[in-house]
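Inspection log for the structure reproduced underneath, given as structure tokens.
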Amino acid sequence: YARSFSIKPPVMKDKNWTLSFNWHSASDGVVLFENAIKLTLNSVKETLFNDIDQLAISIDMKAQRSLELLHNQLKIIELTEIQKRQKNIRFLNEQAAIARELGIEFNILDANVLANSQSSDISLTISSSEVPYYLRGYNAIEKEISLIKSRPDDVRLLMAPGYIELKEKILAIENLPSSSQLRNSFVTIENDNPGDWIRYDFGLADIASTNRQSLYIAFTTLIGLFFGSIFILISNVLRKNKTQ
């Protein structure tokens, strides 16, 4: 029966689609059409629910994977900073011990030498071309050790390269509204009437009957007259033969 229905796209500049169908009863066809539209729209509504739910789940899973990766990177930074801190403190202790041994309590380097030294990239192995760190004096070096040890973990991590950038990415993903907005659309679709999604007016429909009753009646009448005439002719011939 589906072949009895056809959907035609708009012609030229017309925006309306046309549905045409053949059915044995115009009134039954109208009821069938309305029921079919209602069932189809309900099916579309259910499909929308499923598609939106699957899309929201997919977004959540992708965000979760990204968060796990970023948190792992943060963990690596935390472990690396612990090792760097231990290495730095050990180096400073050694330099303070050397300064005490040499009796260097205060800094004996001028400002230009300090500015050119690479204190941000301290190495346990000091070459002859580098400025000896112990020349700063054990007073400053021990104060630096005290500040490093008293520094809270959160402050220490803030100073780690790349830590702030990772935290920004994590906050951006955690506050991503895409998934929540999709799920909020459930309420909109649930409260919406699918019957309003398509407009149709049977008052504008052209209904033509395919039952040619008048032609059938005329054809039957002609057949009746034909056989009736033959019957009368045969009866007359038989009557004359009987009389003779």
Taking salt bridge (charged side-chain N to carboxylate O under 4.0 Å, His left out) as the test, write out the residues that go with R85, two or more places apart.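 R85: no salt bridge (charged side-chain N to carboxylate O under 4.0 Å, His left out) contacts found.
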With a cut-off of 3.5 Å and sequence neighbours excluded, list every side-chain donor-acceptor pair involving residues 73-84.
| from | atom 1 | to | atom 2 | distance (Å) |
| --- | --- | --- | --- | --- |
| T80 | OG1 | I76 | O | 2.7 |

Tell me who clusters with L171, hydrophobic residues only, linked when side chains sit under 4.5 Å apart either directly or through other members.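 So far as hydrophobic clustering goes, L171 is joined with none.
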List, by chain and then residue number, the residues other than Y138 in its hydrophobic cluster (Ile/Leu/Val/Met/Phe/Trp/Tyr, side-chain heavy atoms under 4.5 Å); write none if there are no others.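 Y138 clusters with nothing; isolated.
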With sequence neighbours left out, write down each residue that passes side chain to side chain donor-acceptor pair (under 3.5 Å) with [X], or none if nothing qualifies.
{"X": "S43", "result": "none"}
{"X": "N139", "result": "none"}
{"X": "S27", "result": "S25"}

For Y163, what residues pass the ring pair (Phe, Tyr, Trp, His ring centres under 6.0 Å) criterion, not counting sequence neighbours?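 Ring pair (Phe, Tyr, Trp, His ring centres under 6.0 Å) list for Y163, sorted by chain: empty.
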Pairs flagged by ring-ring contact (aromatic ring centres under 6.0 Å, His included) wherever residues 33-62 is involved - sequence neighbours left out: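 Matches after skipping sequence neighbours: F33-Y200, F33-F202, F49-F186.
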Considering only residues two or more places apart or on different chains, which pairs with a residue in residues 63-89 satisfy ring-ring contact (aromatic ring centres under 6.0 Å, His included)?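 The answer is none; no pair qualifies.
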Output every pair passing salt bridge (Lys or Arg N to Asp or Glu O under 4.0 Å) with a member in residues 18-45, not counting sequence neighbours, ordered by first then second residue.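 Residue pairs with at least one partner in residues 18-45: there are none.
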Salt bridge (Lys or Arg N to Asp or Glu O under 4.0 Å) contacts in which one or both residues fall within residues 46-68, not counting sequence neighbours: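 Qualifying pairs, neighbours excluded: D60-R183.
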